[in-house]
Structure formats: structure tokens, C-alpha cells
Amino acid sequence: MQEFLDSNITYLTGVGPRRAEILSKELNINTFRDLLYYFPYKYIDRTRFYRITELDPDLPLVQIKGYIKGYYTEGQGKGKRLVADFNDETGTIKLVWFKGTKWITGNYTPGVEYIVFGKPGVFNGMVNIIHPEIEASEKAAQKISSSLQAQYSTTEKLKNQFVTSKTISKFVGTLLNQIKFRIPDTLPEYLISGNHLMELHEALHKIHFPSNAAEIEKSRYRLKFEELFYIELNLLRFKTNRTRKYKGFVFSSVGEFFNNFYYNNLPFSLTEAQKKVMREIRKDLGSGKQMNRLLQGDVGSGKTLVALMSMLIAIDNGYQACLMAPTEILANQHYETICNMVQGIGINVSLLTGSSKRSRRKTIDESLTDSSLNILIGTHALIEENVRFANLGLVIIDEQHRFGVAQRARLWEKSINPPHVLVMTATPIPRTLAMTLYGDLDVSVIDELPPGRVPIKTMHFTDSERNKVFGFIRNQINEGRQVFVVYPLIQESEKMDYKNLEDGWDTISRVFPAPKYCISIVHGKMTPAEKEASMRLFKEGYANILVATTVIEVGVDIPNASVMVIESAERFGLSQLHQLRGRVGRGADQSYCILMSSDKLSKEAAARIEVMIRTNDGFEIAETDLQLRGPGDIEGTMQSGIPFDLKIASLGKDGQIIEYVRNIAEGILTQDPLLENSRNLILKEGLKRLFSVNQSWSNIG
Ligand code: ADP
Ligand code: MG
């Protein structure tokens with residue numbers, strides 16, 4: 001039976017090699033099963049007939065009943081078309097064909113009652129339907145087809161091969177008629193009855209040929225349930241296996257280093273959110289299980305401090321820790337911050353980046369192997385093969401979206417027992433999405449900013465209002481504040497972007513001339529040493545303005561900077577805009593984010609800018625981002641832990657189902673971690689079928 005569903009689609013009546021090829025290319029339909037799982041995106045009620053006088057071009061697909069009065073041609077050359085006047089008792093419209101006209105006149109006769117189906121349009125003030133579907137009323141009445149007609153998405157190429165939504169529906173119908181067996185279920189009986197699900201066999205019929213809205217609802221729910229359930233089961237399975245396989249180092253005590261820091265060096269009290277997260281981390285570290293935790297916290301929420309305190313606990317228990325950042329600028333900054341914070345505590349901190357000198361590296365290597373180095377901070381130079389730790393107990397990865405999975409895998413190999421891993425990210429992700437994107441990690445959230453922050457004001461100006469913006473910047477500088485001006489840098493148009501950056505720099509240097517003003521610049525084509533020098537100029541307060549590409553997107557902490565100007569804001573994604581904005585608003589003064597854009601904006605760009613103005617809440621922004629873009633864009637499919645495209649469920653919209661099925665999957669794995677129980681055999685097979693691709697990376701935190 002399973003084999004039958006795996007048959008190549010060529011063997012379906014009406015398909016044949018040519019259509020099979022294009023179905024495969026355009027819709028990735030290769031087998032009978034693929035066709036069954038190619039679900040409609042909507043349904044049209046074929047019981048409803050419109051009267052011709054009711055038609056207007058704003059209506060979606062409509063259905064009318066009436067008679068063709070006669071055919072004639074209109075237009076010349078390319079615009080030449082066959083037209084039929086079609087009327088019912090209320091009026092007349094035009095049916096129009098540009099192609100296949102012979103077939104139309106040969107098959108549809110004036111005077112016979114037809115049902116016409118299509119999207120009303122308008123031409124020369126007359127309502128028309130271009131390339132309608134036509135069916136004799138008599139024939140339509142004989143068919144026991146359902147009243148709700150499934151609509152499938154197709155492509156231009158498919159339509160050119162006469163594979164329309166209707167054709168696909170016909171293929172599905174043919175296939176379902178050929179299936180003489182009950183399609184075996186992919187969920188065990190206890191899940192079906194326990195959750196009041198439709199059986200798979202029925203769901204696959206009803207989703208394509210429903211007789212009412214309730215059936216659509218039930219079949220969709222069943223199929224979404226199945227899709228999401230397997231994704232969560234798979235993620236949780238890796239998590240369970242990992243915990244079973246690896247013992248974690250036990251950091252049983254909080255000792256002198258931590259306490260010394262906490263009581264003597266901590267310059268402020270922790271926020272409640274920081275305390276809560278520290279408790280969660282401490283519990284993991286002492287549990288004997290290996291920690292794999294994602295720490296989410298909006299920009300400026302104080303993740304660095306959490307990182308430092310976790311590292312101090314590692315050191316208290318005799319282990320080394322490392323902190324990895326995505327850029328040298330950030331690694332430098334972390335190094336400085338942390339050195340400052342641990343003054344007088346008596347721990348040894350080093351910095352290792354791509355530009356560290358040979359001699360420096362040697363010292364670091366030695367201090368790593370003789371255990372005298374406690375904390376190593378750096379970029380991915382840290383994961384180079386020749387960096388060896390004596391006893392690495394904790395790895396912290398900052399702003400992880402810059403780190404590929406493969407890079408993390410190499411860290412993992414740094415010790416016999418995997419160290420505890422804490423991944424920190426400021427990219428806010430809706431909770432239910434995080435469950436899947438980081439489904440095999442535990443999640444901690446810092447949902448509170450340190451007190452005393454004044455919310456950033458966000459404003460939007462178009463290019464023609466530039467002088468106003470310059471005036472504003474001048475005032476801020478006069479008040480002693482500093483300003484970021486950021487230009488987009490997108491790989492594909494790199495040349496153009498650098499041109500914009502240079503032009504911008506020219507203009508700004510003219511408007512803010514030396515020696516009165518000092519401007520520094522940072523972009524990706526500079527050497528790390530040049531970047532560092534420019535950053536320093538700004539950080540130490542000499543430069544009033546920092547002109548930069550998005551290299552400064554992550555992490556940079558300069559409390560005196562109070563204005564973030566984002567050029568061509570329409571070209572940035574929401575999370576990037578939010579990240580950039582987070583660079584200001586860190587001091588006690590009012591900060592501003594100025595979004596510059598061209599006068600003309602796409603609807604989506606306008607929506608993004610609108611959200612930015614409305615809220616500073618990273619999670620609200622993430623939710624909107626999800627709605628505007630869909631989760632597919634937010635992380636690549638492989639990154640998300642799902643090696644295939646979702647066919648029916650949506651990570652963004654089906655959060656409730658995700659939560660529900662995740663709980664169920666968790667329960668099953670608690671009782672039967674290896675799915676050995678005979679009643680779970682189906683699940684094991686399902687996982688094998690769906691996730692046969694190499695998934696070894698899922699072991700990585
Ligand atoms: P992020 O979460 O974006 O990495 P940082 O760790 O860089 O944020 O912290 C941002 C700023 O907030 C830093 O200047 C830090 O010293 C400060 N900060 C962190 N925690 C607190 C706190 N509990 N109270 C006051 N300020 C804090
Ligand atoms: Mg940070």
C-alpha cells in the first residue's frame with residue numbers, strides 16, 4: 001500500500017511523462033503521495049450563483065448561469081480576441097479568449113445553458129471574464145462533485161501546459177478513485193481517538209473534496225496536527241537522546257569568584273528578569289545534565305552580565321569558560337567590559353581574534369593548557385583547531401544568528417565531554433516559533449530592561465526632508481551627544497551600497513566640516529585594525545558622528561550615542577531595524593531613531609516603518625515580522641530544524657497547535673524515549689520516512 005503511494009506520478013491516468021516532468025519541476029510533485037499532499041489553498045462555493053447585474057470587478061471568482069448569444073472577434077494582432085456575449089435574465093457580459101478560440105467555438109454552442117466560472121474584470125466600461133471555465137448546466141448537475149471546489153496554486157508554466165487548478169483537482173480525483181485500500185494512518189490509534197482527530201484516509205479525501213466547511217476544518221486540523229507533531233517529536237527526540245547520552249559537568253557550588261563579584265563589583269542590582277534567568281541557568285549547571293540553553297533578551301536587556309556570572313560559576317568549580325562573538329568589534333568590546341567588571345577578583349581573561357599576534361597566541365595557548373587562563377573571549381578564531389582548552393566547562397555564544405551550525409559543531413569537539421552551552425540572542429522570536437527553531441534547546445527569556453531607560457523615539461523622514469534631519473543632528477551634537485549614520489550593505493548590490501556610503505560620507509563631511517566636527521567611518525572593507533581605530537575614536541567621544549555599514553548592527557554599546565540614523569530604511573528587514581535602533585537608548589538621555597527612506601514606499605516597507613514607529617517591544621516586532629514575511633524567511637529551512645517545506649501548517653500562525661502537539665510529544669517520549677513500545681511503532685516509521693536526511697547536526701546546541 002505504501003509502495004502504491006510511492007509510485008511515480010507519470011503512471012497516473014492523464015499525466016504522462018511531459019506533465020509529470022513539469023509537475024515535478026514546478027510543484028515538486030513526484031509521486032502519488034506528493035499529489036495527495038498537495039493541498040488546496042482555498043475553496044470556492046459552487047452552490048452560489050451570481051446574477052450578471054451583481055458582478056463587479058472587485059469580486060473574487062464567481063459563478064453565473066446563462067446562454068451564449070453569439071461569437072465575434074475584436075482587436076488586431078496581439079490584442080485579437082474571441083468574444084462571446086453571455087446573458088442571464090438580468091443582463092449581459094463579455095466572455096473573452098485570447099487563445100484556444102477554435103476549441104471554444106467548436107465546443108460551446110449558443111442557446112445551450114452553461115455555467116460560467118471565473119474572475120470578473122472590466123474593459124471599456126463593460127464587465128468581462130477572461131478565459132472562463134465553462135460547463136454545461138446539465139452535465140454539472142449530474143456530477144456528484146462537492147459544492148466546495150478546491151483551488152490549487154499553479155504556476156504560469158503549468159498553465160501553459162494546460163495544468164490548471166481544475167486539472168490538479170481532476171488528477172487528485174482520479175488518484176483517490178484508484179486507491180482501493182484504506183490509506184494507512186501515520187498516527188497511532190490512541191492519538192487519533194485521544195485527540196478526536198479525523199483518520200488520515202478520510203482527511204486526505206475531505207481536504208480535496210469537502211462537502212461542507214466543517215469537513216475542511218476537521219481535515220485541515222488533522223493534517224496540521226500530524227505535520228507539526230512529527231516536527232516536534234523529532235526535535236524532542238534529539239533533545240532526549242542527547243541528555244541520555246551525555247553527562248554534564250556538575251557545577252555544584254557558587255563560590256568565591258562569583259560572590260566576590262556579586263557583592264563587591266556589581267555596579268547595579270540585577271533586574272528581576274536577570275535573576276530569574278540566573279536561577280534557570282544555575283539549576284541546569286548543577287543538575288548533572290549538559291546545559292543547552294538559549295537566552296533570549298531584547299537589545300540592551302543585559303545579557304552580557306548573565307554571561308559573565310555564568311562563567312564565574314564555571315570558574316568557581318574549577319573549569320574554564322569561553323565567550324564567542326560574531327565580530328572583532330564585539331569581541332573587543334566584551335573583552336573590555338568584562339576586564340573592567342572583574343577587576344580585583346583575581347581571574348585571568350584573554351582575548352583571541354583573527355588579528356591576535358603570534359606571540360600573544362603562544363601565551364594564550366600556554367595559559368589555556370596549564371589552566372591558568374579562566375576566560376577566553378574571541379571571535380571564531382576560538383574554534384580553530386589548534387586552540388586547546390585544559391578543561392572547558394562552559395561555552396557562551398553571543399548573537400548566535402551570525403554563527404553557522406557547522407561552526408558550533410567544531411566547538412563541541414573541543415573536549416571529551418561536551419561543555420555546557422549558552423546561546424544568547426537579541427533577535428526576538430515569538431515563543432511558539434522559538435519552540436521549533438530552537439526546539440531542542442531550553443529557552444530563557446529576559447523580558448525586562450534595566451530601570452531608568454528612556455524609551456527611544458522613532459521618526460520617519462523622506463530623502464527630501466534631509467535638511468531637517470541635519471538640523472536635528474546638529475542640535476544633538478551641540479548638546480554633547482553622538483550620532484550613528486548607518487547604510488545598508490547587501491551582498492548583491494555591494495558596489496552600489498559602497499557608492500551610497502561614500503556619497504553619504506561626502507555630504508555629511510560637507511554639512512559637518514572639520515575641524516569643528518569629527519566624523520569616523522567603519523565598513524567591511526577596512527582591516528580589523530582600521531575598524532578598531534575608528535570605533536575607538538567614536539567610543540572615546542572624539543568623533544561626533546560614526547558613519548557605518550551594518551557591521552555595527554550587533555552589540556556595540558556606546559551609552560553617549562543618542563541618535564541612530566538609518567539610511568534607506570526601506571531596504572532593511574524589521575529585526576535588523578530593531579537591532580540597529582538598539583544601539584542607542586543605552587544612557588539616561590532621550591534617544592532617537594531616524595528612519596530615512598525614499599518618498600515612494602512599497603506597502604510592506606511602509607508597514608515595517610509603521611511598526612518601528614509604534615513600538616519598541618522586540619517581541620511585538622518579531623510577531624509583525626512573522627506576519628509580514630512568514631517564518632520561512634526568518635531562518636533558513638535547515639536552520640529551523642525542518643528539512644522540508646511545510647505543506648499545510650504555519651509556524652507563524654499555528655502556534656497553538658504547536659504548543660499542544662509539543663506537549664503530547666513530550667509525554668510520549670517521557671514514557672518511551674526510544675519509541676520501542678509496539679503502539680509507537682508507527683511513530684518510529686513516520687520519523688524515518690520524514691527525517692531520513694542526515695541530521696547529525698541536531699546534536700549541536
Ligand atoms: P545586551 O543584552 O544587548 O547584550 P548588554 O549586556 O550590552 O545588553 O547591556 C546593556 C547595558 O545595560 C550595559 O551598559 C550594561 O552595563 C547595562 N546593564 C545590564 N544589566 C543592568 C542592570 N541590571 N541594571 C542597570 N544596567 C544594566
Ligand atoms: Mg550583547
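When a ligand or atom number is given, it counts from 1 through the structure's own listing order.
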(request) Give the single entry among Q296, K303, Q274 that approaches atom 2 (O) of ligand 1 most closely by any heavy atom. (result) K303
(request) Check R453 against ligand 1 and report side chain, backbone, both or neither, counting heavy atoms closer than 4.0 Å. (result) side chain
(request) Could you tell me whether a side-chain N or O of N544 sits under 3.5 Å from a main-chain N or O of V483, the two making a donor and an acceptor? (result) no
(message) Can you see whether R293 engages S444 through a side-chain donor-acceptor pair at a distance of less than 3.5 angstrom?
(response) yes
(message) Could you tell me, atom by atom, which parts of ligand 1 come under 4.0 Å of a heavy atom of T304?
(response) 4 (O), 5 (P), 6 (O), 7 (O)
(request) Decide whether the shortest distance between a heavy atom of S269 and an atom of ligand 1 is less than 4.0 Å. (result) yes
(message) Show me which atoms of ligand 1 lie under 4.0 Å from any heavy atom of L270.
(response) 23 (N)
(message) Between K362 and E366 (salt bridge meaning N to carboxylate O under 4.0 Å), is one present in this structure?
(response) yes
(request) Please examine the side chains of R608 and F572, heavy atoms only from C-beta on, and report whether any two atoms are closer than 4.5 Å. (result) no
(message) If you measure every N or O of G297 against every N or O of ligand 1, does any of those distances drop under 3.5 Å?
(response) no
(request) Please check if the distance between the ring centroids of F251 and H420 is under 6.0 Å. (result) yes
(message) Taking distance alone, with N or O pairs closer than 3.5 Å, would you say L305 contacts ligand 1?
(response) no
(message) Please determine whether any non-hydrogen atom of K275 lies less than 4.0 Å from an atom of ligand 1.
(response) no
(request) Check whether the side chains of R360 and S350 place a donor and an acceptor atom closer than 3.5 Å, and report yes or no. (result) yes
(message) Show me which atoms of ligand 1 lie under 4.0 Å from any heavy atom of T271.
(response) 23 (N)
(message) Within this structure, what is the CE-CD1 distance for the pair M535 and I558, rounded to the nearest 0.5 Å?
(response) 4.0 Å
